[in-house]
Amino acid sequence: MGLFTNFRREKPPKDTESVQFKRWMANKLNEKHIRYVLERENNEERIIGRDGFISVVENDLVVIADGTEKFRTPIDTMSAWEFMSLQGVTITGFDKLTERERTVLAYYIYHR
């Protein structure tokens, strides 16, 4: 029994396609502050917002930037993964605002 045995991080579910993993990822992304948001479309990326945050609202993951919602997708059907650098996240899902499948990239703000 070590000194830091009670301070272990919760491990993510192994199956990245499972609903449990998607909910775990949404919980991890909740309240992350973001520097800017990009939309990937036809292998091109364009900035759609700056200065915002990611939030879980009821059963949806919402990306808010420039004071407005830029992306809203149901948590149970989305795909989300963090960049290898852990400086942002890619989220793919059915956007309730535009009523189509979208991919957005959100870059985090790190407070030091």
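Quick caveat, the model's predicted, so the values are computed rather than measured.
Cluster annotation: Met78 is not connected to Val62 through the hydrophobic network of ILVMFWY side chains, with a link wherever side-chain heavy atoms come within less than 4.5 Å. Hydrophobic clustering of Ile, Leu, Val, Met, Phe, Trp and Tyr side chains at less than 4.5 Å, counting indirect connections, keeps Ile64 apart from Ile91. Leu105 and Leu86 are members of different hydrophobic clusters when ILVMFWY side chains are connected at heavy-atom separations under 4.5 Å.
For the side-chain contact (heavy atoms from CB on, under 4.5 Å) with Ile54, the lone residue among Asn30, Leu61, Val37 that qualifies is Leu61.
From Lys22, atom NZ reaches atom CG of Asp76 across 8.0 Å, with rounding to the nearest 0.5 Å. Once rounded to the nearest 0.5 Å, the distance linking CD1 of Ile47 with OH of Tyr107 reads 9.5 Å. Here Lys70 contributes atom NZ and Tyr36 contributes atom OH; the two are 16.0 Å apart, rounded to the nearest 0.5 Å. To the nearest 0.5 Å, the span separating CE on Met25 from OG on Ser79 amounts to 10.0 Å.
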Discussion item. Side chain to side chain contact (heavy atoms under 4.5 Å, CB included) for Ile34 and Ile109? Distances and angles first, verdict last.
Written reply: CA-CA 5 Å; Ile34 52 178; Ile109 294 176; 5.7 Å; no

Item to complete: Kindly indicate, with the supporting measurements, whether the criterion side chain to side chain contact (heavy atoms under 4.5 Å, CB included) is fulfilled by Glu99 and Phe94.
Response: CA-CA 7 Å; Glu99 297 184 353; Phe94 181 79; 4.1 Å; yes

Item to complete: Walk me through it: do Glu82 and Gln87 pass the test side chain to side chain contact (heavy atoms under 4.5 Å, CB included)?
Response: CA-CA 8 Å; Glu82 287 190 297; Gln87 294 180 353; over 6 Å; no

Discussion item. Please determine whether salt bridge (Lys or Arg N to Asp or Glu O under 4.0 Å) holds for the pair Asp60 and Lys96, giving the CA-CA distance in whole Å, both sets of side-chain angles, and the decisive distance to 0.1 Å.
Written reply: CA-CA 9 Å; Asp60 294 339; Lys96 291 183 175 181; 3.1 Å; yes

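Within a 6.0 Å radius of CD in Glu101, other residues, nucleotides and ligands contribute more than 12 heavy atoms.
One finds a salt bridge joining Arg100 and Glu41 here, because a Lys/Arg side-chain nitrogen approaches an Asp/Glu carboxylate oxygen to under 4.0 Å. A salt bridge does not link Asp95 with Arg72: every distance from a Lys NZ or Arg NE/NH1/NH2 to an Asp or Glu carboxylate oxygen is 4.0 Å or more. Using a cut-off of 4.0 Å between Lys/Arg side-chain N and Asp/Glu carboxylate O, Asp51 and Arg35 are scored as not salt-bridged.
Val104 approaches Phe71 most closely through the heavy-atom pair CG2-CD2, 3.8 Å. Looking at every heavy atom in both residues, Pro13 comes nearest to Ser18 through CB-OG, 4.3 Å. The two atoms that bring Leu29 and Ala80 nearest to each other are CD1-CB, 4.4 Å, heavy atoms only.
Proximity of Ile48 to Arg102: side-chain heavy atoms (C-beta onward) are separated by under 4.5 Å at one or more points. Here the side chains of Phe83 and Thr90 are in contact, with some heavy-atom distance below 4.5 Å. Val56 places a side-chain heavy atom less than 4.5 Å from the side chain of Ile75. Using a 4.5 Å heavy-atom threshold, the side chains of Asn59 and Pro74 count as separate. In this structure the side chain of Val63 never reaches within 4.5 angstrom of the side chain of Glu69, judged on heavy atoms. For the pair Val89 and Tyr108, the minimum side-chain heavy-atom distance is below 4.5 Å.
Remark: Arg40 engages Glu45 in a salt bridge (Lys or Arg N to Asp or Glu O under 4.0 Å) (not counting sequence neighbours). Residues satisfying the salt bridge (Lys or Arg N to Asp or Glu O under 4.0 Å) test with Arg46, not counting sequence neighbours, are Glu39.
Side-chain N/O atoms of Thr103 and Thr92 include a donor and acceptor closer than 3.5 Å.
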